[in-house]
Enquirer: 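Below is one structure. I have some questions about it.
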Amino acid sequence: MSEHDTDGTARYDVQAAEEKWQRVWAELDPFRADDDSPREKRYALTMFPYPSGDLHMGHAEVTALHDVVARHWWQRGYEVLNPMGWDSFGLPAENAAIRNDAHPADYTYGNIATQLASFQRYGVAVDWSRRFNTSDPSYYRWTQWLFLQLHAQGLAYRKNSAVNWCPHDQTVLANEQVVDGACERCGAEVTKRELTQWYFRTTAYAQELLDSLDDLQPTWSDKVVNAQRNWIGRSEGAHVDFPVAGREEPITVYTTRPDTLFGATFMVVAADAALAAELVTEEQRGALEDYLVEVRKESDISRLSTERPKTGVFLGVHATNPLTGTALPVYAADYVLADYGTGAIMAVPGQDQRDWDFAAAFDLPVVRTVQPPEDFDGEAFTGDGPAINSANDEIDLSGMGVTEAKSTTIAYLERQGLGRGTVNFRLRDWLLSRQRYWGAPIPIIHCPVDGEVPVPEDQLPVELPELRGADLKPKGTSPLGAATEWVNVTCPTCGGPATRDTDTMDTFVDSSWYFLRYLSPQDDTQAFDKGLADAWGPIDLYVGGDEHAVLHLLYARFFTKALRDIGLVSWDEPFSSYLSQGKVVNNGRKMSKSLGNGVSLGEQLSEFGVDAVRLTLVFASPPEDDIDWADVSPGGSARFLQRAWRLSGDVTSPAGTDPGGGDTALRRQTHKTVREAEQLIASHRFNVVVARTMELVNATRKAIDSGVGPADPAVREATETVAVLLSLVAPYTAEEMWERLGHEPTVARVPWPDVDEALLVEDSVTAVVQVQGKVRARLEVAPDVSEADLEAAALADPGVQRALEGKQVRKVIVRAPKLVNVVAG
RNA sequence: GCGCCCGUAGCCCAACAGGCAGAGGCACCAGGUUUAGGUCCUGGACAGUGCGAGUUCGACUCUCGCCGGGCGCACCA
């Protein structure tokens, strides 16, 4: 390999460089975060991986993007915490263990070792000394401890209700894990089961989770903020009480349309709600039970269909419309949900299509209370319009619009004690127990005398019993139940015989606080150190995929708020800014085994080198957009990197040369590029940073070959700047360049170049002169040219004069120093 | 059905706060280098910004409507 490569064919040995720098980095450990550093602290985090096999393109993309910022922050003088660990509890390991008659830990820890090696090859700027796995007892001990803290606050509780059941995985699921009626993980059709399960009281934070989204909006992706708003689903309405003859308790309904109360002609109670069973008369009880059998056969998927005809059964009782005094028949039906609102509705067929459909099926009366427009030919009218048929002796809504009628009705109901304005949320409590093995056991003991007894803190962790292979086969109850010796314990309170809770926690519990554990991963005296949390947190940048928009990101937000109220952290939100990275697809489709279109990360790395793959992922598109591997060119990236590297061999001035006397044009471009890169990184436009770096490489090449020549100090400055810029994306190439330029490693920790503001000011700029919006002249002018001078120069220009011939100048718009527009006619 | 986001050369994408539509790359074409291929160097062609209005001296950029695509919610009363 020659020292000077003006023939343009020299290249560095990519594989040798990878091996070499991995050794150097291991020794220098340049990304170790020092808790005691006097530098300002930044916390940068990517969603930690689940150890299923080796790393794939998705991991490569998220870490490449994230590394740009983490490395940039180091160079800008921050102390950066960029940790990584493994989200290592979960079903794939358990399923593999069943298949292979093995223990889930075998699969899990084997894959973790593989992924760790791949990450190190990939050259991520991570502090590996802080790694841990959520399946380590030293971690889940604290998951259990945190569960108990929430339990003590009443934020973790058990209740019996109809829950989502995945028949394939044989476990219950949280609402968030059901997508279009199917299991988010395996795709099986979800059914309902009546079970007693553990919940976190996420609904206690519904309003705050919603309100804080306003603060997050500027620094989170719209997509995720919007998804969470929809998921929380706040609505405003009223609770209205409908008296029932012969029953003390009224039926309370939730409605968002209290203005239509005069039009309520019947009532519907969720068939599976306790209320239905309470209300039903003896004569109708058989009918209700038959109906329930039918309803429970229905899967969620068919329940979701809006086309489905309305069904229901009369409960044999009547309630009274509090405004009209009319007796309303009460039905049970499955189109009303037991766990939303009060599980009962007032049916207003005139203004609600679902109620209309039911009324049509059961031949019930319709009263319109909003006047539809003349050309309205639909059935229920849900739009705005003047109220009609809405008056009694005490209240008259006639002619009011919907908004006014609502508030008038609510005020009246409140005065009369018949109801009250209220807010309702779609968000449900988080169902956290799972009937599977490979998770953190719920640290509760059930005692026939003392009930639910928390496992004393000094007995944590409640370690998993040793089960493997066929013992783990899903059978609808937790495999832990089979470990008799483990299950049977003495009650910590009374010393009598008791049993352990045999469910494990949803793995999303593990990931709801892992970012706190990185602060003191080896601490065996506490879950995390509050002082360190204050020093480092909250997380300045979180990068991940938006498949977790309403899962992990919402749960972690809930956890943070709950821990704050317990006094464990002082943050309101865990992630100050969130960048959601797109997916890597191939030929327009998601990569998958069944489509046979998967691209192996390992093969790409071997063929093109780590840097080329990283550069490709960063350059391909804005970070939020998907990347189609069929559209990109890792070969082109590899060629560019060699081209950039070649500059470092051409530079002939010695290291330490003062760039002051160098070529001004190249220096200006160098300094502009640095300034622009700062701004582009801050706004996450990493693809443009790469494009600007390419421009600087091109300009430097030109300067060497056909400009000021390789000895000009500006050429060294530009080349060193290229090395620093490239270190964000292509660390191996950058190290090679840096070394060849006569510097010590590592370029990753050199200070970010200072921008010489004086160089950013141009000597002259090109002003465009337009006549009627068309460009007629270009003038070289001083950047500080006055508007008057520029206007005079523009009007004096021969090209402009020609364009103005025979025309009256009506107006001249001057935007010095860039533009003059002459309006004429 | 309700809501959010996005439509710029063949493709991926730039365009600061309304001011010359093109920065970068892929692919393509031509020339040079080379025994040849690849590499490397030089040059070139290709869109008027999804469609239609409006505001403006001036619109890729702002507003409205439509079309197309992505995402979220959806029998949530």
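The analysis underlying the following values was restricted to heavy atoms, covering all of them including side chains, and did not include hydrogens, waters or symmetry mates.
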Enquirer: Under 3.5 Å, which protein N or O atoms sit close to an N or O of nucleotides 64-73 of chain B? Give each pair with its distance.
Expert:
{"from": "B:G72", "atom 1": "O2'", "to": "A:N230", "atom 2": "ND2", "distance (Å)": "3.4"}
{"from": "B:G72", "atom 1": "N3", "to": "A:N230", "atom 2": "ND2", "distance (Å)": "3.2"}
{"from": "B:C73", "atom 1": "O3'", "to": "A:R426", "atom 2": "NH1", "distance (Å)": "2.8"}

Enquirer: With the threshold set at 4.0 Å, does a side-chain nitrogen-carboxylate oxygen contact exist between A:R701 and A:D705?
Expert: yes
Enquirer: Distance to the ring centre below 6.0 angstrom and angle to the axis at most 45 degrees; does that hold for A:K310 and A:F362?
Expert: no
Enquirer: Looking at A:D352 and A:R257, does any basic side-chain N land under 4.0 Å from a carboxylate oxygen?
Expert: no
Enquirer: Would you say A:Q15 has more than 12 foreign heavy atoms packed within less than 6.0 Å of its CD?
Expert: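 Open: at most 12 neighbouring heavy atoms sit under 6.0 Å from CD of A:Q15.
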Enquirer: Need one value for A:N821: base, sugar-phosphate or nothing, where a base atom within 4.0 Å counts as base even if backbone is also close, heavy atoms only.
Expert: base
Enquirer: Searching all strands shown, indicate the nucleotide that pairs with B:C64 (Watson-Crick or G-U wobble; both distances under 3.5 Å).
Expert: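 Checking every strand shown, B:C64 finds its partner in B:G52, with both distances under 3.5 Å.
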Enquirer: Starting from P on B:C57, measure out to CZ on A:R776 and report it in whole angstrom.
Expert: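 After rounding, the gap between these two atoms is 20 Å.
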Enquirer: How many whole angstroms separate atom CG of A:L819 from atom P of B:C16?
Expert: 15 Å
Enquirer: Applying salt bridge (Lys or Arg N to Asp or Glu O under 4.0 Å), which residue pairs with at least one partner in residues 220-236 of chain A are found, sequence neighbours left out?
Expert: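 Qualifying pairs: A:D214-A:R229, A:K223-A:D546, A:R234-A:E236.
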Enquirer: Which nucleotide, if any, forms a Watson-Crick or G-U wobble pair with B:C46, using both distances under 3.5 Å?
Expert: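 Partner of B:C46: none.
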Enquirer: Return the set of residues passing ring pair (Phe, Tyr, Trp, His ring centres under 6.0 Å) with A:F266 (not counting sequence neighbours), or none when no residue passes.
Expert: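 If we apply the ring pair (Phe, Tyr, Trp, His ring centres under 6.0 Å) test to A:F266, skipping adjacent residues, the hits are A:F358.
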Enquirer: Counting distance alone, no hydrogens or angles: does the base of B:A14 have a donor or acceptor under 3.5 Å from a partner atom on the side chain of A:R685?
Expert: no
Enquirer: Considering only atom P, compute the distance from B:C51 to B:G32 and round it to an integer number of Å.
Expert: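 The same atom, P, in both gives a distance of 42 Å.
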Enquirer: Measure CG/A:N587 against P/B:C12 and give the value in whole Å, please.
Expert: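 Value for this atom pair: 13 Å.
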Enquirer: Could you work out the separation of B:C13 and B:C26 based on their P atoms and round it to a whole Å?
Expert: 16 Å
Enquirer: Round to a whole Å and report the spacing from CD of A:Q808 to C1' of B:C57.
Expert: 16 Å
Enquirer: Please give, in whole Å, the distance from B:C13 P to A:L617 CG?
Expert: 14 Å
Enquirer: Do A:N821 and A:R815 come close enough that some side-chain heavy atom pair is under 4.5 Å?
Expert: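 A side-chain contact is absent here, since even the closest heavy-atom pair is not under 4.5 Å.
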Enquirer: With heavy atoms under 4.0 Å as the rule, sort A:R428 into base, sugar-phosphate or nothing.
Expert: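 Base contact.
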Enquirer: B:A14 C1' sits how many Å from A:D625 CG, rounded?
Expert: 13 Å
Enquirer: When the P atoms of B:U55 and B:C12 are compared, how many Å lie between them, rounded to an integer?
Expert: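 Pairwise P distance, B:C12 against B:U55, rounds to 34 Å.
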Enquirer: For atom C1', what is the distance between B:U56 and B:G19, given to the nearest Å?
Expert: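 B:U56 and B:G19 have their C1' atoms separated by 12 Å.
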Enquirer: When you check the glycosidic angle of B:G31, does it come out syn, meaning within 90° of 0, or anti?
Expert: anti
Enquirer: Counting only distance, no hydrogens or angles, is the base of B:C75 paired donor-acceptor with the side chain of A:K310 under 3.5 Å?
Expert: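 Answer yes: a donor N or O sits under 3.5 Å from an acceptor.
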Enquirer: For nucleotides 25-34 of chain B, which of its nitrogen or oxygen atoms have a protein nitrogen or oxygen under 3.5 Å away, and what is each distance?
Expert:
none

Enquirer: Pairing check on B:A9: which nucleotide meets the Watson-Crick or G-U wobble criteria with it, both distances under 3.5 Å?
Expert: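 Paired with no nucleotide.
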Enquirer: Name the residue closer to the 5' end of RNA chain B, choosing between A:A691 and A:S706 according to the nucleotide with the nearest heavy atom.
Expert: A:A691
Enquirer: Which nucleotide wins on minimum distance to the side chain of A:R646, given the candidates B:U39, B:A14, B:C57?
Expert: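 Selected nucleotide (nearest to the side chain): B:U39.
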Enquirer: Do A:Q353 and A:T382 have side chains that get closer than 4.5 Å, going by heavy atoms?
Expert: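 They are not in side-chain contact.
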Enquirer: Who pairs with A:R426 by salt bridge (Lys or Arg N to Asp or Glu O under 4.0 Å), at least two apart in sequence or on another chain?
Expert: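 Once residues adjacent in sequence are excluded, A:R426 has no partner under the salt bridge (Lys or Arg N to Asp or Glu O under 4.0 Å) criterion.
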Enquirer: With the side chain of A:Y335 defined as its heavy atoms from C-beta on, choose the nearest nucleotide among B:C16, B:A77, B:C75.
Expert: B:C75
Enquirer: Take the protein atom CZ of A:R229 and the nucleotide atom C1' of B:A74, then report the distance between them rounded to whole Å.
Expert: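 One finds 19 Å between C1' of B:A74 and CZ of A:R229, rounded.
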Enquirer: Rounded to the nearest Å, what distance is computed from the NZ atom of residue A:K406 to the P atom of nucleotide B:A77?
Expert: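 Result: 10 Å.
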Enquirer: Among all residues two or more places apart in sequence or in another chain, which pass the side chain to side chain donor-acceptor pair (under 3.5 Å) test with A:Y331?
Expert: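 Testing A:Y331 for side chain to side chain donor-acceptor pair (under 3.5 Å), a comparison that skips the adjacent residues, returns none.
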Enquirer: Given the P atoms of B:C16 and B:G7, what is the spacing between them in whole Å?
Expert: 13 Å
Enquirer: Are any of A:K811's side-chain N or O atoms less than 4.0 Å away from OP1 or OP2 of B:C57?
Expert: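 Checking A:K811 against B:C57: at least one side-chain N or O falls below 4.0 Å of OP1 or OP2.
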Enquirer: Measure across A:T202 and A:W430 and return the closest heavy-atom pair with its distance rounded to 0.1 Å.
Expert: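 Between these two residues, the closest heavy atoms are OG1-N, 3.3 Å.
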Enquirer: Looking at every strand, decide which applies to A:Q770 at a 4.0 Å heavy-atom threshold: base, sugar-phosphate, or nothing.
Expert: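 Base, at least one base heavy atom under 4.0 Å.
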Enquirer: A:P622 or A:I813: which one's nearest nucleotide on RNA chain B is closer to the 5' end?
Expert: A:P622
Enquirer: Which nucleotide, in any strand shown, forms a Watson-Crick or G-U wobble pair with B:G1, with both distances under 3.5 Å?
Expert: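 Result: B:C73.
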Enquirer: With P as the reference atom in both, quote the distance from B:C66 to B:A27 in angstrom, rounded to an integer.
Expert: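 Straight-line distance between the two P atoms is 42 Å.
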Enquirer: Who is the Watson-Crick or G-U wobble partner of B:G37, with both distances under 3.5 Å?
Expert: none
Enquirer: What interatomic distance, in whole Å, is found between P of B:A21 and the corresponding atom of B:G3?
Expert: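 Result for the P pair: 36 Å, nearest Å.
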Enquirer: Between B:A14, B:A77, B:C75, spot the one nearest the side chain of A:V688, thanks.
Expert: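 It is B:A14.
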Enquirer: How far, in whole Å, is B:G54 from B:C60 if one measures between their P atoms?
Expert: 15 Å
Enquirer: Could you tell me which nucleotide pairs with B:C57 by Watson-Crick or G-U wobble geometry, both distances under 3.5 Å, or answer none if nothing does?
Expert: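 Pairing partner: B:G19.
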Enquirer: With heavy-atom distances below 4.5 Å as the criterion, would you say the side chains of A:R646 and A:Y12 are in contact?
Expert: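 Counting from C-beta outward, A:R646 and A:Y12 never come under 4.5 Å.
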